[in-house]
Visitor: 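Quick one: structure below, then a few questions.
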Amino acid sequence: MNKGTIGSDEIKMSAVSNPTPGDDGHESAEASKLKADRLRKLAAFKEQGVNPYPYKYVRTHKAAQLQEQYKDLAAEVETEDVVQVCGRILNSRNSWMFIDLFDDSGKIQLFCHKQNLSEEKLAQLKLLDKGDYMGATGTIRRTKQGELSVKVTDWQILSKSLLPLPDSWEGFKDVEARYRHRYVDMIMNESVRDNLRKRSLIIRHMRNFLDQHDYLEVETPTLQVEAGGADARPFITHHNTLGLDLYLRIATELHLKRLIIGGMEKVYEIGRIFRNEGMSTRHNPEFTMLEMYCAYGDYNDLMTFTEKMLRTVAENTLGTADFHYQGQDISFAKPFRKLRMNDAIKEITGLDVATLKSFEEAKQAALGLGVKLDKQDSRGSVVNAIFEDKVEHTLIQPTFIIDYPVEISPLTKAHREHEGEVERFEMFVFGRELANGYSELTDPHDQRTRLEEQGRKKAAGDVEAMPLDLDFIMAMEYGMPPTMGIGIGIDRLVMLLTDSASIRDVIAFPTMKPLGKQNKE
RNA sequence: GCAUGAGUAGCUCAGCGGUAGAGCACGCGCCUCUUAAGCGCUUGGUCGAGAGUUCGAAUCUCUCCUCGUGCACCA
């Protein structure tokens, strides 16, 4: 078919074969009829020499711009100002006399009075459907009922919609359908668009903050021979030419540290991370993490920096650092609480884990508190299990929990004062981990020992233990400066600042199981 | 992976052993300063899929699929 040919190509139902939303591979008679009605109108446009899919439209104003510019215009007052607007039709009243046209800034009503339109354009209004895109030329007038409108003198169809949109009054609520057809969700639900806008703003403000502090944005490999830097199961893929299985990264940590070793003193990456784990309202298989590293600082400096960054990002995004999340007031404005993990456990349970000297003692104490243990294999991992079970969910306001057990922190520098602990913190808000940072381990011998321990776990069947990355050890052997580093879950931060209950509400296209296919395995 | 709830028209939902319903949307007609516009008429369904129980299944039972929520894993 020639590009731009109008009216010559025959319209076939099968040419546009996608079923309507609710797709199960079957198109009902009703769905077929609804689409056929629209295809008939599409054909009518073409028969009348109108291209229903034109190339461009020159607009003079966006909806919000007009609403602002003419906000003081009184009802039934008309101006001579000619404007051109365009957008998607979401509603019409009075037999297409009034059209609600939406662009990404908001709504402007079109007023299509028969006195102002040619007979042809008046008649063609009947070929429009809700969901179509159109552009309109006209003057500004506020109607008798007080609605600012473009009194249309001419209009063009900009795209014919073939599928019906959900009912505008009841909305689009079916959660599964919303995630599977996110474009429809975005058309119907402003909150989805708002969340994505805020997500963009949050990331922008984060970049601005880091850039202002002389951080360099970098990109590191997504495809890795060994997936290290975190405890998680990786996705596996295959490179044909190299004949090599590769892993999708589960963290950016080990490569960012190589950059520190290479002399880049402040680096960060905002990147997609892939973890082959369960899904929940807080977990998507692919998610976005900010990791940043800075030479010559320790975890105390890092907490100060993190707190300031989060406060600034919240203020710049929301206009305030105090907000509420799921009915709770959360303050990023007040100083974040900071307490040692041992003290946090003592505060909630009364148990002083410092008195537990062995794995066995820790295990007994944990069981005494009713903490369920399964794969814990060390004193430190038991202490962490107690913390996660008893304390984590109580940390509603932003809190730094500091000084973690060494056994669960293979990349962290030993604590300068406390035996068996490392200089690591995690930050919690609303009972959820938001960030994880530490004084980075820089001693190559210590690092090798720790990773060899991980290697033993891996060999023993722990699928989440870290692999021994020899090149990483070698890099560290060249000398790594004292360094602080942190990872912040961007999706979870966006959830907080948009008051979203599920991570899927802040991801444009969350991972879904496909329909109509049997899952192998 | 475990538990639990859900899946009925394009959308939102009712029906829960006895002929598959409503509102909105769609189509047709009336209506030209409306705001979920209004009025009238009409159309529209493998009741997620399959098997079973029953004279009879959207409804009861079983299996499967998908989604939500919680738990597990994890961030």
Side-chain angles (χ1 to χ4, degrees), chain A residues 19-38 40-41 75-76 78 90-100 107 109-117 122 125-126 129-131 141-147 149 151 162-180 184 188 230-233 250-251 273-289 372 374-375 388 426-428 432-436 463-464 487-493 495 501-504 510 512-519:
Chain A
T20 50
D23 47 3
D24 52 2
H26 175 82
E27 187 165 334
S28 69
E30 160 108 42
S32 300
K33 175 196 172 284
L34 292 172
K35 193 192 279 181
D37 286 338
R38 289 169 178 241
R40 200 167 56 240
K41 295 173 188 172
E76 293 191 84
E78 199 165 326
L90 286 189
N91 200 10
S92 77
R93 288 174 293 282
N94 219 337
S95 304
W96 292 93
M97 185 178 179
F98 299 99
I99 295 170
D100 290 340
K107 179 186 109 172
Q109 178 174 266
L110 303 183
F111 174 44
C112 302
H113 198 283
K114 60 182 174 188
Q115 290 175 349
N116 307 306
L117 285 167
L122 186 67
L125 283 174
K126 284 189 293 190
D129 282 294
K130 289 168 195 176
R141 167 188 172 81
R142 194 174 288 278
T143 62
K144 193 191 279 185
Q145 296 298 318
E147 185 76 37
S149 308
K151 194 169 105 181
L162 300 181
L163 295 174
L165 288 172
D167 179 67
S168 58
W169 179 245
E170 293 295 346
F172 190 35
K173 297 176 183 172
D174 183 281
V175 183
E176 180 175 357
R178 286 180 51 209
Y179 289 139
R180 289 196 189 281
V184 181
M188 300 306 297
D231 299 327
R233 306 173 70 154
I250 57 170
I273 302 296
F274 306 87
R275 294 189 184 173
N276 208 339
E277 307 278 0
M279 294 163 70
S280 78
T281 50
R282 295 172 289 283
H283 302 87
N284 198 63
E286 50 179 312
F287 64 102
T288 301
M289 188 150 77
K372 274 188 285 182
D374 38 53
K375 60 171 203 171
E388 287 182 353
E426 290 191 344
M427 188 200 153
F428 296 88
R432 298 172 186 167
E433 183 189 345
L434 187 67
N436 178 18
V463 289
E464 284 162 8
I488 299 178
I490 297 296
D491 311 87
R492 289 185 176 180
L493 179 61
M495 284 171 71
S502 170
I503 195 169
R504 295 187 151 190
M512 300 290 283
K513 255 191 183 175
L515 288 177
K517 287 176 188 170
Q518 295 295 324
N519 293 294

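Just so it is clear: chains get the letters A, B, ... in the order the sequence lines come, proteins before strands, and each one is counted from 1. Worth knowing before you read on, the calculation uses all heavy atoms, side chains too, and leaves out hydrogens, waters and symmetry mates. Bear in mind that the values here come from a model prediction, so they are computed numbers and not experimental data.
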Visitor: How is Met427(A) classified with respect to the nucleic acid when contacts are heavy atoms under 4.0 Å: base, sugar-phosphate, or nothing?
Guide: nothing
Visitor: On RNA chain B, does the nearest nucleotide to Leu434(A) precede the nearest nucleotide to Lys114(A) from the 5' side, or the other way round? Give the residue.
Guide: Lys114(A)
Visitor: For the P atoms, the ones on rA9(B) and on rC13(B), what distance do you get once it is rounded to whole angstrom?
Guide: 12 Å
Visitor: What integer distance in Å separates Trp169(A):CH2 from rG23(B):C1'?
Guide: 12 Å
Visitor: Using a 4.0 Å heavy-atom cut-off across all strands, classify Lys41(A) as base, sugar-phosphate, or nothing.
Guide: sugar-phosphate
Visitor: Any base atoms under 4.0 Å from Asp231(A), or only sugar-phosphate, or nothing? Heavy atoms, all strands.
Guide: sugar-phosphate
Visitor: In whole Å, I'd like the distance from the CG atom of Asp374(A) to the C1' atom of rG1(B).
Guide: 13 Å
Visitor: Looking across every strand, which nucleic acid part, if any, lies under 4.0 Å from Asn284(A) by heavy atom: base, sugar-phosphate, or nothing?
Guide: base
Visitor: Are Arg282(A) and Glu433(A) close enough for a salt bridge, meaning some N to O gap below 4.0 Å?
Guide: no
Visitor: Looking only at atom P, what distance separates rA58(B) and rG17(B), rounded to whole Å?
Guide: 13 Å
Visitor: By the 4.0 Å heavy-atom rule, please label Gly489(A) as base, sugar-phosphate, or nothing.
Guide: nothing
Visitor: Is Glu464(A) touching bases, backbone alone, or none of the nucleic acid, heavy atoms closer than 4.0 Å?
Guide: sugar-phosphate
Visitor: Are the charged groups of Asp37(A) and Lys33(A) less than 4.0 angstrom apart, N to O?
Guide: yes
Visitor: Would you indicate what Asp174(A) reaches in the nucleic acid, counting non-hydrogen atoms under 4.0 angstrom: base, sugar-phosphate, or nothing?
Guide: sugar-phosphate
Visitor: Any base atoms under 4.0 Å from Ser280(A), or only sugar-phosphate, or nothing? Heavy atoms, all strands.
Guide: nothing
Visitor: Take the protein atom CH2 of Trp96(A) and the nucleotide atom C1' of rU34(B), then report the distance between them rounded to whole Å.
Guide: 14 Å
Visitor: For side-chain contact (heavy atoms from CB on, under 4.5 Å), just list the numbers for Leu163(A) and Lys35(A), CA-CA rounded to whole Å, side-chain angles, deciding distance to a tenth of an Å, and then say yes or no.
Guide: CA-CA 6 Å; Leu163(A) 295 174; Lys35(A) 193 192 279 181; 3.6 Å; yes
Visitor: Which part of the nucleic acid, if any, lies within contact of Asn436(A), taking any heavy atom under 4.0 Å across all strands shown: a base, the sugar-phosphate backbone alone, or nothing?
Guide: nothing
Visitor: Rounding to an integer number of Å, can you tell me how far Phe172(A) CZ sits from rC67(B) P?
Guide: 15 Å
Visitor: In whole Å, measure the gap between the P atoms of rC62(B) and rG5(B) for me.
Guide: 12 Å
Visitor: Looking at the side chain of Thr143(A), which of rU34(B), rC31(B), rU69(B) is the nearest nucleotide?
Guide: rU34(B)
Visitor: Do Gln109(A) side-chain and rU34(B) base share a donor-acceptor contact under 3.5 Å?
Guide: yes
Visitor: On a whole-Å scale, what distance lies between the P atoms belonging to rC16(B) and rA75(B)?
Guide: 48 Å
Visitor: Under 4.0 Å between any heavy atoms, over every strand shown, what does Arg282(A) touch: base, sugar-phosphate, or nothing? Just pick one.
Guide: base
Visitor: What's Arg504(A) touching, base or sugar-phosphate or nothing? Going by heavy atoms closer than 4.0 Å.
Guide: sugar-phosphate
Visitor: Measuring only the C1' atom in each nucleotide, how far is rC24(B) from rA3(B)? A whole number of Å is fine.
Guide: 37 Å
Visitor: Please report, rounded to the nearest Å, how far the P atom of rU32(B) is from the CG atom of Leu125(A).
Guide: 15 Å
Visitor: With heavy atoms under 4.0 Å as the rule, sort Arg432(A) into base, sugar-phosphate or nothing.
Guide: nothing
Visitor: Please determine if Glu464(A) and Lys375(A) form a salt bridge, counting it only when a charged side-chain N lies under 4.0 Å from a carboxylate O.
Guide: yes
Visitor: Specify the separation, in whole Å, of atom CE of Met279(A) and atom P of rA72(B).
Guide: 18 Å
Visitor: Classify Met512(A) by what it touches in the nucleic acid, base, sugar-phosphate, or nothing, heavy-atom distance under 4.0 Å.
Guide: sugar-phosphate
Visitor: How close or far is atom P of rG10(B) from atom CG of Leu165(A), stated in whole angstroms?
Guide: 14 Å
Visitor: Mind calculating the distance between CZ (Phe98(A)) and C1' (rC33(B)) to the nearest angstrom?
Guide: 4 Å
Visitor: Could you check whether Asn94(A) gets within reach of a base, just the sugar-phosphate, or nothing at all, counting any heavy atom under 4.0 Å?
Guide: base
Visitor: Within the stacking criterion (centroid distance below 5.5 Å, interplanar angle below 30°), does Phe287(A) stack on rA75(B)?
Guide: yes
Visitor: In what stems does RNA chain B take part, counting only runs of at least 3 consecutive Watson-Crick or G-U pairs whose two distances fall under 3.5 Å?
Guide: B:1-7 with B:65-71, B:10-13 with B:21-24, B:27-30 with B:38-41, B:48-52 with B:60-64
Visitor: Where the side chain of Pro164(A) is defined as all heavy atoms beyond and including C-beta, which of rC33(B), rG10(B), rU35(B) is the nearest nucleotide?
Guide: rG10(B)
Visitor: For rC28(B) versus rU43(B), give the span between their P atoms, rounded off to a whole number of Å.
Guide: 15 Å
Visitor: In whole angstrom, give me the gap between the C1' atoms of rG27(B) and rU69(B).
Guide: 41 Å
Visitor: Would you measure the distance from the P atom in rA49(B) across to the matching atom in rA20(B) and give it in whole Å?
Guide: 16 Å
